[in-house]
Number of protein chains: 2
Amino acid sequence: MVTTHSESAYRGNPYDASCPTRPLLDRIGDRWTVLVVGILGQGDARFSELRRGIEGISQKMLTQTLRGLERDGLVRRTVYPQVPVRVDYALTDAGRTLLDPLRALQEWSIYHLGDVSASQEAYDQLRMGDIGPNAAL
Amino acid sequence: MVTTHSESAYRGNPYDASCPTRPLLDRIGDRWTVLVVGILGQGDARFSELRRGIEGISQKMLTQTLRGLERDGLVRRTVYPQVPVRVDYALTDAGRTLLDPLRALQEWSIYHLGDVSASQEAYDQLRMGDIGPNAAL
DNA sequence: CAGCATCCTTCGTGATACTG
DNA sequence: CAGTATCACGAAGGATGCTG
């Protein structure tokens, strides 16, 4: 038996309101999670390295995200009792399985950014017309 | 020239705070987006069908999610001027490119649910010990 | 350095009521 | 049926100050 995942036959269904995959999906789709995992995919990193690498993330959110990932068994936290203390974060085996899906998401965003932006502008133009200068007078 | 995406050479980088991929990542990783796109991947659907299919989504969030996707050019909204009115939602070609990445995310959640839950329990047990009955007395 | 604790503001979200 | 509009609330998130 080398089943790494749950031995039960229960299969989550995120379309059910109470399904535990809902919060899980929330976490892995989270904006910061995508970026944190992305960086850790390139190798272990210290807290400050992550913080610098992810522009705009607050200390609070970085800590919170890392704790969540650690709790989920996706990230391993290692403390080196030095002075000053040093903490390394690394993806676990499970965490690494997240790399491909999240990279795909990131790539999709980068690749489709142009089209989406154009679509947004067009959409906003039209709606502008609805309430624009000559609208409903 | 059959480039479907932006002709500019600008490549988004979500690690930059001001990069427009940030809000885009937010949208496509959004909990409701994943589920809405998932349903539309199986074929067009009416508003009420979506609402029934995604247990627990409020009317407001469904509308909001669909509007966002429409604005991004990922979903096409078709109104049939009947009484009562009928509105169909369908993925656009661009929207369909989102199917694989989002399905991967969903599958990952379902597949790893067991492991993650187990890890969470273990983690919470340990932290319980820190402040538990015999802690720091 | 790597956090934790606190305050405070903003935003997302749900509930409710109304319309073409 | 498929929304829009409004309100009201809790949680998300940022800023600041402190600690091992």
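All of these numbers come straight from a predicted model, not from anything done at the bench.
- Note that the SG atom of B:C19 and the CG atom of B:N13 stand 6.0 Å from one another [nearest 0.5 Å].
- The side-chain hydrogen bond (donor to acceptor under 3.5 Å, both in side chains) analysis of residues 27-36 of chain A, with sequence neighbours excluded, yields the pairs A:R27-A:D72, A:R31-B:D26.
- Near DNA chain C, defined here as any heavy-atom distance below 4.0 Å, there are no residues from residues 28-42 of chain A.
- Listed by first and then second residue, the salt bridge (Lys or Arg N to Asp or Glu O under 4.0 Å) pairs involving residues 12-22 of chain B amount to none (not counting sequence neighbours).
- End-to-end axis angle of the helix from C:dC1-D:dG20 to C:dG20-D:dC1, using five pairs per end and rounding to 10°, comes to 50°.
- For the salt bridge (charged side-chain N to carboxylate O under 4.0 Å, His left out) test, no residue two or more places apart in sequence or in another chain qualifies with B:E121.
- Residue pairs meeting the side-chain hydrogen bond (donor to acceptor under 3.5 Å, both in side chains) criterion with at least one partner in residues 43-59 of chain A, sequence neighbours excluded, are A:Q59-A:T63.
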Side chains of residues 77-86 of chain A: which donor-acceptor pairs under 3.5 Å do they make with residues two or more places apart or in other chains?
{"unit_1": "A:R77", "atom_1": "NE", "unit_2": "A:Y89", "atom_2": "OH", "d": "3.2"}
{"unit_1": "A:R86", "atom_1": "NE", "unit_2": "A:D88", "atom_2": "OD1", "d": "3.1"}
{"unit_1": "A:R86", "atom_1": "NH2", "unit_2": "A:D88", "atom_2": "OD1", "d": "3.4"}

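- First and last contacting nucleotides of DNA chain C toward chain A (any atom under 4.0 angstrom from a heavy atom, 5' to 3' order): C:dC1 to C:dC4.
- Taken to the nearest 0.5 Å, the CZ atom of B:R67 stands 9.5 Å off from the CG atom of B:L62.
- Put simply, CG on B:L50 and CG on B:L66 are 6.0 Å apart, with the number rounded to the nearest 0.5 Å.
- Separating the CD atom in A:Q64 from the CG atom in A:L69 is a distance of 11.0 Å, to the nearest 0.5 Å.
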Report, one line per pair, each donor and acceptor closer than 3.5 Å where one atom sits in a side chain of residues 90-98 of chain B; sequence neighbours left out.
{"unit_1": "B:T92", "atom_1": "OG1", "unit_2": "B:G73", "atom_2": "O", "d": "2.7"}
{"unit_1": "B:T92", "atom_1": "OG1", "unit_2": "B:L74", "atom_2": "O", "d": "3.2"}
{"unit_1": "B:T92", "atom_1": "OG1", "unit_2": "B:A94", "atom_2": "N", "d": "3.4"}
{"unit_1": "B:T92", "atom_1": "OG1", "unit_2": "B:G95", "atom_2": "N", "d": "3.0"}
{"unit_1": "B:D93", "atom_1": "OD1", "unit_2": "B:R96", "atom_2": "NH2", "d": "2.8"}
{"unit_1": "B:R96", "atom_1": "NH1", "unit_2": "B:L91", "atom_2": "O", "d": "3.4"}
{"unit_1": "B:T97", "atom_1": "OG1", "unit_2": "A:W108", "atom_2": "NE1", "d": "2.9"}
{"unit_1": "B:T97", "atom_1": "OG1", "unit_2": "A:H112", "atom_2": "NE2", "d": "3.2"}
{"unit_1": "B:T97", "atom_1": "OG1", "unit_2": "B:A94", "atom_2": "O", "d": "2.5"}

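- Atom CD of B:E107 and atom OG1 of A:T21 lie 10.5 Å apart (nearest 0.5 Å).
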Quick test: give all pairs of protein nitrogen or oxygen and nucleotides 2-4 of chain D nitrogen or oxygen below 3.5 Å, distance rounded to 0.1 Å.
{"unit_1": "D:dA2", "atom_1": "OP1", "unit_2": "B:R46", "atom_2": "NE", "d": "2.9"}
{"unit_1": "D:dA2", "atom_1": "OP1", "unit_2": "B:R46", "atom_2": "NH2", "d": "3.0"}
{"unit_1": "D:dA2", "atom_1": "OP2", "unit_2": "B:S48", "atom_2": "N", "d": "3.0"}
{"unit_1": "D:dA2", "atom_1": "OP2", "unit_2": "B:S48", "atom_2": "OG", "d": "2.6"}
{"unit_1": "D:dG3", "atom_1": "OP1", "unit_2": "B:R67", "atom_2": "NH2", "d": "3.1"}
{"unit_1": "D:dG3", "atom_1": "OP1", "unit_2": "B:R77", "atom_2": "NE", "d": "3.2"}
{"unit_1": "D:dG3", "atom_1": "OP1", "unit_2": "B:R77", "atom_2": "NH2", "d": "2.5"}
{"unit_1": "D:dG3", "atom_1": "OP1", "unit_2": "B:Y89", "atom_2": "OH", "d": "3.3"}
{"unit_1": "D:dG3", "atom_1": "OP2", "unit_2": "B:Y89", "atom_2": "OH", "d": "2.4"}
{"unit_1": "D:dG3", "atom_1": "O3'", "unit_2": "B:R67", "atom_2": "NH2", "d": "3.4"}
{"unit_1": "D:dT4", "atom_1": "OP1", "unit_2": "B:R67", "atom_2": "NH2", "d": "3.3"}
{"unit_1": "D:dT4", "atom_1": "O4", "unit_2": "B:Q59", "atom_2": "OE1", "d": "3.1"}

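- Atoms CG and CG, from B:L105 and A:L105 in turn, are 5.5 Å apart once rounded to the nearest 0.5 Å.
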